[in-house]
Protein chains: 2
Amino acid sequence: MAASITDVARRAEVSTATVSRALRGLPNVSEATRERVLRAAEELQYSVSPHASRLASGRTGTVGVILPFVNRWFYSQVVAGIDSVLRANDLDVLLYNLGDERVHERFFARMPLRRRVDALIVLNLPLSAAECEALVSMDVPTAVLGTRIPGCWHVSIDNAEGASTAVRHLINLGHRRIGMITGALGDPRGFTTPIVRQHAYRTVLAQAGVAYDPDLEVPGHLEIEAAASAMAKLLSLPDPPTAVFAESDQMAFGALRTLTRMGLRAPDDVSVIGFDDHEAAELLDLTTVAQPVAHQGELLARQILDALSGASEEPTRVVVPTRLVVRGTTGAARVARSLYHISSPRPGPEPDQHSRTTAR
Amino acid sequence: MAASITDVARRAEVSTATVSRALRGLPNVSEATRERVLRAAEELQYSVSPHASRLASGRTGTVGVILPFVNRWFYSQVVAGIDSVLRANDLDVLLYNLGDERVHERFFARMPLRRRVDALIVLNLPLSAAECEALVSMDVPTAVLGTRIPGCWHVSIDNAEGASTAVRHLINLGHRRIGMITGALGDPRGFTTPIVRQHAYRTVLAQAGVAYDPDLEVPGHLEIEAAASAMAKLLSLPDPPTAVFAESDQMAFGALRTLTRMGLRAPDDVSVIGFDDHEAAELLDLTTVAQPVAHQGELLARQILDALSGASEEPTRVVVPTRLVVRGTTGAARVARSLYHISSPRPGPEPDQHSRTTAR
DNA sequence: AAAAACCATGTACACGTTTACATCAGTCCC
DNA sequence: GGGACTGATGTAAACGTGTACATGGTTTTT
C-alpha cells in the first residue's frame, strides 16, 4: 500500500542505495540526483519504515526511560524535558513505568528493552545490585537521575546543599525548635535522598548550636496522608516546633492541611518549608527549595545524545543547583510560647510584613 | 552478540519456524518440543528482536498517543491509564507531544507515525479538518478523547451535564448572581468543551429564572494567570457575583489566589466551584465536578484493544459520568450585599456548618 | 485397507532497509 | 598519457523474524 524505497528508486530512476543515501543526506550524491530523489519521495508520500531501517542498521532510534511513576508531577516534568530534546533529535522515547511491584519484577525477568533501545535513562528508581547489573549488562549508554550507578552518566541536585539552605532559612528567621518530616528512610532498596537531607538537617542544627531532639524527626513516607499525620504528631509534642522542614512539597502540603484542620496558620503559628517547588507550591504560597525539574530531564537527554554521538567518551556527572523560593509559609519566629497559650503582645515582625519575593 | 532465533533453533534441534511458533504459543507444536525450545531460549537469554518481528509480520505492536501536553496533571493521568492497560497487553506507547506549534506542524507535514503504529489515540487535541483527514488516512483504528472525529472510537465526559451540575449546585445554595470564568472560546481550531460548558451555564441560569448578564462571563484561557485576572475583573463589577463557576480547576485556583490576595475568602465572600478534581483541588479544599481521568485513559486503551482484536467491528462511543465533589469553597448565599458593605447580622447558615462531605 | 484428514515440522521467501564492495567515469599530476 | 585518486552510482548481501506452502507421518473415516 504505502510506497517503499524501491518505488522511489524506480520513479527517480536510480538504485535503492542511492535513494537511501540521498534521503539521509549522506555525501557522494550529486545535487541533481538528490533533488530528483527528494521529489520522487515527496510525490509518493514516501516515509521510511523504521522497523526495516532499524533492523538493517542495528540502531533502534529509541531510548528507554524507566521510572516509578508517570503520573506524578515531578516525573511528568522530567519526562517532558527528556522528550523535548530527544524528539528534536529524532529519537523515540519508550516509557517503562515500574511503579507496580509486579511490573517491576516482570521487567527485570524479561528485560524487554534488551536489543530494543540505543540508550537508557533511569529516573530515581531504587534498584537492587542485581538489577543495576542487569541494566549495565544491556551495554547501552545509561543516564541516571538521583541515584548513582557506576559507569553511568549522572544528573542530580545537591541535596545536602538544598536541605541545608532550607534549614538555615528557618534558623535565620530565628527558629530554634525545628521539626523535620522525613521521607522513606527505611526503603530497603536504598533511596539515598532522604538520608542525605536528614543528615543536612542535623548538621545545620548542630552548627547553630541547637541540641538534637529525635522527637522532632517524624517519617512522612513521601505521601500527603502520612505527612499530615506526621505534622499532627509534631504538634502534639509537649514542646512543639515553631517551624517544620518537610522533605518534599507533597509532604509540606500534608503538613499544611493538618495545620488548617487544626485551625492553625502558617507562618503565624508554625512556619513550613518544603522541597521541590511543585506546581501547587505557588498556589499554596509555600516557601520551598526549588529544583529545576524539566531542566534535569533535558540534561539527561543531552548526556544521552553525547554518549550516542561519541562526542564525549567518559560519562559525565552534572549537579544542578537548587534555589530558595521564599513565599508566605515561613516567617520570623516569635519568642518562646506554647501553641495553646498565646502570648501577647507579640514581638517580632508581623508575618505579612515578611518578604514574599521570589529569589531568582 | 545477543542470541538470535537461529541459535535457539540450533540448540533445540528444530527449525526456526518451530521456534517461532513455540515461543508465541501457537498451536501445532508438540508439548515436548515446545518445552525444549523454551528451555533453549531461556539458556541463551534469547528475546525476540522487535524490529525484525515487526518488519516480518507487519504489526508494529505500538500505539501512538498524540496530545498537547505531557506535563500537565490531566494528561499525565490519562497517559498513565492508557499505559497501564496497553502495557499489560504487550503494546508499546509512543508519545507525541504536539503542544508546540512548530512541532505540531512538523508532525502533520512528516506524519512520522505512518506505518509505525497499529493504532492511534488522540487526547483532546484541537485539529483542523485537514489534520483529521490526515489521521484518518493512516487507516489505523483511532480512539479520541474529548473532541470527535467521524469513524473513530470515542471517550468523553458529559460536559453539559457536569457543567449543569456545577451551576445547579450554586443555584441550590441560593446564589443568583453567578459568574463564569470560561476557557479558550476563541480557539479557531474549535475546542468544543468550553462552548458546551458555557451553554450549560446559560441554560441552567435561564431555567432558574436568572437574567443573562454578559458581564458575568469572563475568559480565563485555561490558565491560572488569566483566570486570576478574570476573577479580579468579576470582583470589580458594580454588582459582583456571589459565586463563580470556573471551567477548570486550574482556573479555579487562579480565582482563589485572587480572592486570597484581595483578602477575601471562599465561601464567606464568594463561592467558587471548579471542574476536573485536579489533585490539588483537595489541598485547596475546592468544590468541583470530578471526572475520572485515569479511567478515561483505560477506556481509550480498551477500545483500541477491541479494535485491534477485531472483537468489535464498529467504533463505540463511551460517555463517562462526572460527579459533584462538595468541599469547602462553596457555601450558602447570603442575602444581597456588596462585598464592601458587610451586612450584619448575617442570615443563612455559617459556611463552616455547611456540608463538607464528599459525594461519591 | 485405502482414502481422507490431521498434525508436527521443515523449507524458503518476504518484509524494507542499510551498507560493504564493485564499477565506472572523470580528474589530477608528473 | 597512464597510473592514482575521487566521486557518483549500482549490486547484492545482510538484518532477524513471520508464514505460506510442502512434507511426511499418524490417526480417523468409510
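Order of the sequence lines fixes the chain letters, A, B, ..., with proteins taken first and strands second; residue numbering starts at 1 for each chain.
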Problem set entry | Protein-nucleotide distance (A:Ile5, atom CD1; D:dT11, atom C1'), rounded to Å | 14 Å
Exercise. Pick the nucleotide of DNA chain C nearest each of B:Arg34 and B:Ala56; which residue has the one closer to the 5' end?
Worked result: B:Arg34
Exercise. C:dG10 P sits how many Å from B:Arg10 CZ, rounded?
Worked result: 14 Å
Exercise. Is the distance from OP1 or OP2 of D:dT11 to the nearest side-chain N or O of A:Ser15 less than 4.0 Å?
Worked result: no
Problem set entry | Whole-Å distance separating the CG atom of B:Leu23 from the P atom of D:dT19 | 14 Å
For this session: Given side-chain hydrogen bond (donor to acceptor under 3.5 Å, both in side chains), test B:Ser20 with B:Arg24 step by step and report yes or no.
Result: CA-CA 6 Å; B:Ser20 177; B:Arg24 284 179 305 147; 3.2 Å; yes
For this session: Using only side-chain N and O atoms of A:Ser4, determine if any of them is under 4.0 Å from OP1 or OP2 of C:dG16.
Result: no
Problem set entry | Donor-acceptor under 3.5 Å (A:Asp7 side chain, A:Ser4 main chain) | yes
Problem set entry | A:Glu131 side chain vs A:Ser128 backbone, donor-acceptor pair below 3.5 Å | yes
Exercise. Does A:Thr16 or A:Val29 map to a spot on DNA chain D nearer the 5' end, using the closest nucleotide for each?
Worked result: A:Val29
Exercise. Can any side-chain N or O of B:Arg11 pair as donor or acceptor with the backbone N or O of B:Ala40 at less than 3.5 Å?
Worked result: no
Exercise. Can you check whether A:Ser53 has a side-chain N or O nearer than 4.0 Å to OP1 or OP2 of C:dT18?
Worked result: yes
For this session: Please tell me which of B:Ala17 and A:Glu13 maps to the more 5' nucleotide of DNA chain D, matching each residue to the nucleotide holding its nearest heavy atom.
Result: A:Glu13
Exercise. Do B:Arg54 and D:dG18 share a donor-acceptor pair, side chain to base, under 3.5 Å?
Worked result: no
Problem set entry | N or O in side chain of B:Ser20 less than 4.0 angstrom from D:dG18 OP1/OP2 | yes
Problem set entry | B:Leu26 CG to C:dT9 P, straight-line distance once rounded to whole Å | 13 Å
Atom pairs and distances, donor-acceptor, side-chain atoms in residues 45-58 of chain A, under 3.5 Å, two or more places apart:
residue, atom, partner, partner atom, Å
A:Ser49, OG, A:Ala52, N, 3.3
A:Arg54, NE, A:Thr60, O, 2.7
A:Arg54, NH1, A:Thr60, O, 3.0
A:Arg54, NH1, A:Thr62, OG1, 3.4
A:Arg54, NH2, A:Thr60, O, 3.3
A:Arg54, NH2, A:Asp92, OD2, 3.3
A:Ser57, OG, A:Ser53, O, 2.9
A:Ser57, OG, A:Arg59, N, 3.1

Exercise. Roughly, in whole Å, what's the span from CD in A:Glu35 to P in D:dA8?
Worked result: 15 Å
Problem set entry | Residues forming a side-chain hydrogen bond (donor to acceptor under 3.5 Å, both in side chains) with A:Thr142, sequence neighbours excluded | none
Exercise. B:His51 NE2 to D:dA14 C1': how many Å, rounded?
Worked result: 16 Å
Exercise. Can you check the B:Asn28 CG to C:dC7 P distance for me, whole Å?
Worked result: 7 Å
Exercise. Is the phosphate of D:dC15, meaning OP1 or OP2, less than 4.0 Å from a side-chain N or O of A:Arg115?
Worked result: no
For this session: Using a 4.0 Å heavy-atom cut-off across all strands, classify B:Thr33 as base, sugar-phosphate, or nothing.
Result: sugar-phosphate
For this session: Could you check how far CZ of B:Arg21 sits from P of D:dC21, rounded to whole Å?
Result: 14 Å
Exercise. Which comes earlier along DNA chain C counting from the 5' end, the contact point of B:Arg36 or that of B:Leu55, where each point is its nearest nucleotide?
Worked result: B:Arg36
For this session: Examine C:dT9: is either OP1 or OP2 under 4.0 Å from a nitrogen or oxygen in the side chain of B:Ser30? Give yes or no.
Result: yes
Exercise. Does a side-chain N or O from B:Arg116 land closer than 4.0 Å to OP1 or OP2 of C:dG16, or not?
Worked result: no
